[in-house]
4 protein chains.
Amino acid sequence: MISKEENLLRSAEILFAEKGFAGTSIREIAKEANVNISMISYYFGSKEKLYEKLFEFRMNESLSFSEDVIANNTLDEWEKMVLVMNRYADRVKNLKPFYLIMQREQLVNRNPVIYEFLKQSKKKFLGIYEELIKKGIERKIFTKNPRLEFVHSTVSGTIFTALNTLPVYQEFFEGDDDYEIQYFEEIKIHIQTILKHLLGYEENK
Amino acid sequence: MISKEENLLRSAEILFAEKGFAGTSIREIAKEANVNISMISYYFGSKEKLYEKLFEFRMNESLSFSEDVIANNTLDEWEKMVLVMNRYADRVKNLKPFYLIMQREQLVNRNPVIYEFLKQSKKKFLGIYEELIKKGIERKIFTKNPRLEFVHSTVSGTIFTALNTLPVYQEFFEGDDDYEIQYFEEIKIHIQTILKHLLGYEENK
Amino acid sequence: MISKEENLLRSAEILFAEKGFAGTSIREIAKEANVNISMISYYFGSKEKLYEKLFEFRMNESLSFSEDVIANNTLDEWEKMVLVMNRYADRVKNLKPFYLIMQREQLVNRNPVIYEFLKQSKKKFLGIYEELIKKGIERKIFTKNPRLEFVHSTVSGTIFTALNTLPVYQEFFEGDDDYEIQYFEEIKIHIQTILKHLLGYEENK
Amino acid sequence: MISKEENLLRSAEILFAEKGFAGTSIREIAKEANVNISMISYYFGSKEKLYEKLFEFRMNESLSFSEDVIANNTLDEWEKMVLVMNRYADRVKNLKPFYLIMQREQLVNRNPVIYEFLKQSKKKFLGIYEELIKKGIERKIFTKNPRLEFVHSTVSGTIFTALNTLPVYQEFFEGDDDYEIQYFEEIKIHIQTILKHLLGYEENK
DNA sequence: GATGAATGAGCTTTCATTCAT
DNA sequence: GATGAATGAAAGCTCATTCAT
């Protein structure tokens, strides 16, 4: 049995993804969730707070996983980096609606609470990359020391552009139904290739 | 002397970039442009049509340049590719507000007219890359034949993520006032490095 | 205690009668009913729906009575016809505002829902006249079989023109305050005279 | 070559008939007449004045004819009455749009200028009937002296109700394409029958 | 005389939120 | 704790008319 609160969050995520924050009315959310309108103010305080709650929920999910990877002593830095990147790509693919919202929110500094969420998230990823690269170089796994921003821009940018442009690619290349699934697998390899080049990593050395 | 129509378009671009389509009211646009509200309906027909006009205007600007580059016979394929990419990066940097709007619109299929604009724009760029790579390989300038989608995702994605994440980078790396300018110059080099690798291009061969 | 919904309907009826549908703003209706503007959308959905509701309400009132008359076995066909006609004339007199609206709506096919109401209402009256005349002839109460349309046009037309032209008559004939009341009583007799002639009915035969 | 002024009047008549005064915008009228919007204020002063002009034009047309009939010495009172009534019925049929407007305007006292037009028109007809009946009785052509209002209500009412309800009659009686033409001829006979009865007139006595 | 750009008031409807129960 | 009626502000748009040329 799903609670009304959770139901509202689910409906809100879908609708915010489709129409944006301002473009979605609480009437629609409440209707979609089969819940009375006043419940949104009642449970969350306001439309804005509901939106923040949604971010809080998804961001916390995201944070927990990467930390586990870093702490894992059985993996070397390259493996960790690939794992973090792969998991991120999978997450983006699986939680499309939320990542559409997140991307859109990134483009505008509208709500200070959410801006802070996003900034901390990015900083955390930058911190992870920083440490992995530093240690990888110390251990001579990596032979180059690329500028961190560029690594981040390219990895994140490729994943998100892949997500957003997929329908156009599919049309341009006349892809069939499996196109999307294959595409997401191959783009991970593509990013690995670039990372190897940027970090000067050689497999089976 | 700027016409009222142009004034409205300028104000609208800034406001749509800051607050999104639904989040911007025509009252605000008119006020910002120092023009009577009803002028928006008078000139453009509706808020939606004004938005489309903005896209039409900026997209047409963008289209014309790339075609000139392709037609230029004094450049080889690598030079053309670098030129197209550099100019695109510059344009994104110089027209930040519009490209914020464009990115946001890309995330949702809201308006069919704009969706078509975006699709055609992407297809055009894919077509340019396709031709450049094909000819470059024929002329043995390029030695690898990468998947087109991946080249596009990485180039576009890196540029846009650079744009969107720049404030966070600046804070993370404690950059000074020149950070942005330098950053945009260096990211072009960064993308060139990746492109060389993906295309198997060697300078001064 | 009158509900807000009912209050709105009452105020709307008066104002629509005075100024027509397009000429009446929901602001006026709400102000007249001492109710917040947004209540109109809240209760009825829209101005148009409020208008339809008004028709639905008044038409249903009208339908129920005539059916009772027809079913009454203690009356002969002439008595039934007179009763239906008299009650209709009374109703038009007592619900002037609504019948002004109704006549105006009859002149233009604006709203399909209302058009259907009006058509059904007219057909119902035609059906009643048809049956009464048929039975009256079978029972030799009536000796002529007039064209149905003409009976209807003359009865309805006389009643409505009487209603609409009354102020002019009063001025023309320099009638006093009782003029209206007397007038409406006598016009019923006038219509009966015509009906007797058209149907070939003779009293006290 | 039709002047712009006349063109506007024609278009206005059609549109006012279809949608009423408040429901018709000067934009529509101007568009329909293929004339710039500002021309309406320019030629007529305002939308309201244009409306009045339309009434003035049609009412003057109507007045001139009846007076000719009365002055004609070759006709007796019955013939004059039939002629006036027939011509009125024809006029209503031929100028449907205007008489729709006129009927609607009759239902509401909106514009004092038009109200005066309508009142004078009705009084004039009442005056005509009054004189014809008076003289007819003096000359023993008519043997009854009916109440004037009732004669007027029945004649006018039957004609207008016939006009307005015709589509419903046609559907109810499953009339073919000729229905309308035949109907309008027969209704004149129907009204004559009633008039004979009301006035106690006997043909070929 | 004739035009079309421009105006400000007004329209209906929807918005997020609050209040009485 | 939970509801749905109710609110006032604001939305996009259209209105009749005026004004500068």
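Note on naming: letters A, B, ... go to the chains in the order of the sequence lines (proteins, then strands), and numbering restarts at 1 for each one. Reckoned from all heavy atoms, side chains included, excluding hydrogens, waters and symmetry mates.
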(message) Using a 4.0 Å heavy-atom cut-off, does D:Ser41 contact any base of the nucleic acid, only the sugar-phosphate backbone, or nothing at all?
(response) base

(request) Give the nucleotide from the list F:dT3, E:dA2, F:dT7 with an atom nearest to the side chain of D:Tyr43. (result) E:dA2

(message) How many whole angstroms separate atom CD of A:Glu28 from atom P of E:dT17?
(response) 15 Å

(message) For C:Glu116, is there an ion pair with C:Lys119 - N to carboxylate O distance below 4.0 angstrom?
(response) yes

(message) Need the pair for F:dA10. Rule: Watson-Crick or G-U wobble, both distances under 3.5 Å, any strand; none if unpaired.
(response) E:dT13

(request) In whole angstrom, give the distance that lies between atom CZ of D:Phe44 and atom C1' of F:dA16. (result) 15 Å

(message) I want to check one thing: is the phosphate of E:dA5, taken as OP1 and OP2, less than 4.0 Å away from some side-chain N or O of B:Tyr42?
(response) yes

(request) Return the value, rounded to whole Å, for the distance between atom CG of B:Asn34 and atom C1' of E:dG8. (result) 15 Å

(message) Looking at C:Arg58 and C:Glu61, is there a salt bridge between them, counting it only when a charged N and a carboxylate O are closer than 4.0 Å?
(response) yes

(message) Taking atom types as they are modelled, would you say the side chain of A:Arg27 forms a donor-acceptor pair with the base of E:dA16 within the 3.5 Å cutoff?
(response) yes

(request) Any strand is fair game: report the nucleotide pairing with E:dA20 by Watson-Crick or G-U wobble, both distances under 3.5 Å, or none. (result) F:dT3

(request) Check each of A:Phe55, A:Phe98, A:Tyr99, A:Tyr51 against A:Phe16 using the ring pair (Phe, Tyr, Trp, His ring centres under 6.0 Å) test, and report the only one that passes. (result) A:Tyr51

(message) With a 4.0 Å cutoff (strictly under), does any side-chain N or O of A:Ser46 reach OP1 or OP2 of E:dA16?
(response) no

(request) Answer with base, sugar-phosphate or nothing: what part of the nucleic acid does B:Ser38 contact at a heavy-atom distance below 4.0 Å? (result) base

(request) Identify whether the distance between the nearest side-chain nitrogen and carboxylate oxygen of A:Glu28 and A:Lys19 falls below 4.0 Å. (result) yes

(request) In whole angstrom, give the distance that lies between atom CG of C:Leu8 and atom P of F:dT7. (result) 10 Å

(message) Taking the nucleotide of DNA chain F with the nearest heavy atom to each, does C:Val35 or B:Ile26 sit closer to the 5' end?
(response) C:Val35

(request) Using atom CD of A:Glu48 as one end and atom C1' of E:dC15 as the other, report the distance to the nearest whole Å. (result) 14 Å

(request) Determine, stepwise, if the pair A:Glu13 / A:Arg10 fulfils salt bridge (Lys or Arg N to Asp or Glu O under 4.0 Å). (result) CA-CA 5 Å; A:Glu13 187 174 38; A:Arg10 282 166 191 264; over 6 Å; no

(message) So A:Lys4, base contact, sugar-phosphate only, or nothing? Heavy-atom distance under 4.0 Å.
(response) sugar-phosphate

(message) Between P on F:dA11 and NZ on B:Lys31, what's the gap in Å once rounded to a whole number?
(response) 11 Å

(request) Looking only at non-hydrogen atoms, find the nearest pair between B:Ile26 and B:Ile37 and report the distance. (result) CD1-CG2, 3.6 Å

(message) Students often get this wrong, so: under 4.0 angstrom with heavy atoms, is C:Ile40 touching a base, only sugar-phosphate, or nothing?
(response) nothing

(request) Verify the contact: side-chain N or O of A:Asn36 to OP1 or OP2 of F:dT3, cut-off strictly under 4.0 Å; return yes or no. (result) no

(request) Using the closest heavy atom to pick a nucleotide of DNA chain E for each, name whichever of C:Ile37 or B:Ile37 lands nearer the 5' end. (result) B:Ile37

(message) If I take atom CE in residue A:Met39 and atom P in nucleotide E:dC19, what distance separates them, rounded to the nearest angstrom?
(response) 15 Å

(message) Between P on E:dT18 and NZ on A:Lys49, what's the gap in Å once rounded to a whole number?
(response) 10 Å

